[in-house]
Amino acid sequence: MDAVEDEALLGIGAFARRARLSPKALRLYDRQGLLPPDRVDPVTGYRYYRESRLAAARLIVRLRGLDMPLATVAEVLAAPGPRAAELVAGYWESVERRVAGQRELAAHLRIRLSGGEGSSDMYGIEQREVPEQLVLTEQRHAGPEDLPVWIPAACDRLAEAAKAYGGVAAAPFVVYHGEVNEDSDGPVEVCVPIDAAHTGGVAHAHRVEPAHREAYTTITKAQVAYPQILSAYDAVFEWAKREGRTVVSAPREVYFADWAAVGEADPVCDIAVPVE
């Protein structure tokens, strides 16, 4: 190696200090293919890095500061600027979704472990009158792990069928005719309201949902996840018991927002229970 190359290269210790990385981390990133040295002495095995590699090394430090997995770091390093920015944004959105879900799960566990104390503070309960509705339906037995896939798919199928009857007339809702948990599978019914003027002329599976009064609470996208959602159900049932209201029909979830377009903290759903 000539004098010019000597001046252009930094030893692993100097490079590590300037990059704010440990030599151990540099050796790990070498093994992972993230930051291989520019030269390895064939006799001593000592690693050398060009000073121009400091920008990549410092970027790795910052990406790891986001707890980004090494495989994702490698994708960011290999991508051109705009694509790299998209990868970082996509990764951070996934982190925020996970943290939002974990936050709600922690709140759910706190309520359960404290015997239900605090649920009334988390969920405001309101009442409303719901008119009679003609609904297209799809029903099946399902476990908690099935619902995130089946409910949106069933809603899409029923919304498509509703086009033959003038389209969807009100917010779709999901009725739980039985418990859905690790030991029970419903059944569960997805309902999409259509114009009542089509009564008597509907070829698809359908029924009339009777008019009723219901108590309900509104929850966010993050709170819909199982088992967090159970705390909202508990809050509505506890309110009905406290107020002396008799539950007269199966509980349901009313989905009023565009799921794909809203964030984890946005309201998407009402947890509702028909009461006397």
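With rounding to the nearest 0.5 Å, the separation of CG in L35 from CZ in R53 is 4.5 Å. From I271, atom CD1 reaches atom CD1 of I219 across 4.0 Å, with rounding to the nearest 0.5 Å. To the nearest 0.5 Å, atom CG of residue L136 and atom CD of residue E160 are 11.5 Å apart. Here CD1 of I12 is found 6.5 Å from OH of Y46. Values are rounded to the nearest 0.5 Å. In this structure, OG1 in T218 is found 12.5 Å from CG in D266, a value given to the nearest 0.5 Å. Distance check, rounded to the nearest 0.5 Å: CD of E96 to CZ of R103 gives 9.0 Å.
A heavy-atom distance below 4.5 Å is found between the side chains of P227 and L105. V88 places a side-chain heavy atom less than 4.5 Å from the side chain of V76. Under the 4.5 Å side-chain criterion, counting only non-hydrogen atoms from C-beta, V273 is not in contact with E214. Contact annotation: the side chain of I194 never approaches that of V135 to less than 4.5 Å [non-hydrogen atoms, C-beta and beyond]. Counting heavy atoms from C-beta outward, V190 and Q139 have side chains that stay 4.5 Å or more apart. The shortest side-chain heavy-atom distance between V224 and W259 falls under the 4.5 Å cut-off. Residues L134 and V202 form a side-chain contact, since some pair of their non-hydrogen atoms from C-beta on lies under 4.5 Å apart. Between W239 and Y123, every side-chain heavy-atom pair lies at or beyond the 4.5 Å cut-off.
Under a hydrophobic-cluster definition in which Ile, Leu, Val, Met, Phe, Trp and Tyr are linked whenever side-chain heavy atoms come within less than 4.5 Å, directly or via other members, L109 and Y233 are assigned to different clusters. Cluster membership for V95 and I60, using ILVMFWY side-chain heavy atoms within less than 4.5 angstrom, is shared. V175 and I229 are not part of a single hydrophobic cluster, where members link through side-chain heavy atoms under 4.5 Å apart. One hydrophobic cluster, built from ILVMFWY side chains closer than 4.5 Å, holds both L26 and L9. Neither V248 nor V208 shares a network with the other; the hydrophobic side chains, linked directly or stepwise wherever heavy atoms of I, L, V, M, F, W or Y lie under 4.5 Å apart, form separate groups for each.
Nearest heavy-atom pair, A170 versus V168, reported as atom, atom and distance to 0.1 Å: O-CG1, 3.1 Å. Closest of all the heavy-atom pairs between V247 and A240 is CG2-CB, 4.3 Å. When all heavy atoms of Q228 and G101 are compared, the closest pair comes out as NE2-O, 2.9 Å. Residue T217 comes nearest to G124 through the heavy atom pair OG1-O, 3.0 Å, listed as atom of the first residue, atom of the second, then distance. The two residues R64 and V73 come nearest to each other via the heavy atoms CD-CG2, 4.1 Å. The two residues A142 and V180 have their closest heavy-atom pair at O-CG1, 3.6 Å.
Side-chain atoms of S184 never come within 3.5 Å of backbone atoms of N181 as a donor-acceptor pair (strictly under, hydrogens ignored). At least one donor-acceptor pair under 3.5 Å links the side chain of K221 to the backbone N or O of V262. No donor-acceptor pair closer than 3.5 Å links the side chain of Y49 to the backbone N or O of A14. Under a 3.5 Å cut-off, the side chain of D270 and the backbone N or O of A272 do not form any donor-acceptor pair.
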From CA spacing to verdict: side chain to side chain contact (heavy atoms under 4.5 Å, CB included), R17, R20: CA-CA 5 Å; R17 286 192 298 273; R20 298 180 183 177; over 6 Å; no
Please test R245 against Q127 for side chain to side chain contact (heavy atoms under 4.5 Å, CB included), starting from the C-alpha separation and ending with a verdict. CA-CA 11 Å; R245 301 297 181 87; Q127 299 179 73; 2.7 Å; yes
Let me see the working for E51 and R18 under salt bridge (charged side-chain N to carboxylate O under 4.0 Å, His left out), right down to the final yes or no. CA-CA 9 Å; E51 189 171 10; R18 294 183 61 181; 2.6 Å; yes
Determine, step by step, whether I125 and V236 satisfy the side chain to side chain contact (heavy atoms under 4.5 Å, CB included) criterion, reporting the C-alpha distance in whole Å, the side-chain angles of both residues, the deciding distance to 0.1 Å, and the verdict. CA-CA 7 Å; I125 311 300; V236 179; 3.9 Å; yes
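Salt-bridge check for E276 with R213: failed, with every basic side-chain N at 4.0 Å or more from each acidic carboxylate O. At a threshold of 4.0 Å, the pair K241-E238 does not count as salt-bridged, since none of the basic side-chain nitrogens sits closer than that to a carboxylate oxygen.
No side-chain donor from either of Y226 and E145 sits under 3.5 Å from a side-chain acceptor of the other. Y255 and E253 share a side-chain donor-acceptor pair at under 3.5 Å.
Judged by a 6.0 Å distance limit and a 45° cone about the ring axis, R128 is positioned over the six-membered ring of Y216.
Using cut-offs of 30° and 60° on the angle between ring planes, the pair Y165 and H198 is perpendicular.
With respect to E189, the side chain to side chain donor-acceptor pair (under 3.5 Å) criterion is satisfied by exactly one of R140, R207, R252: R207.
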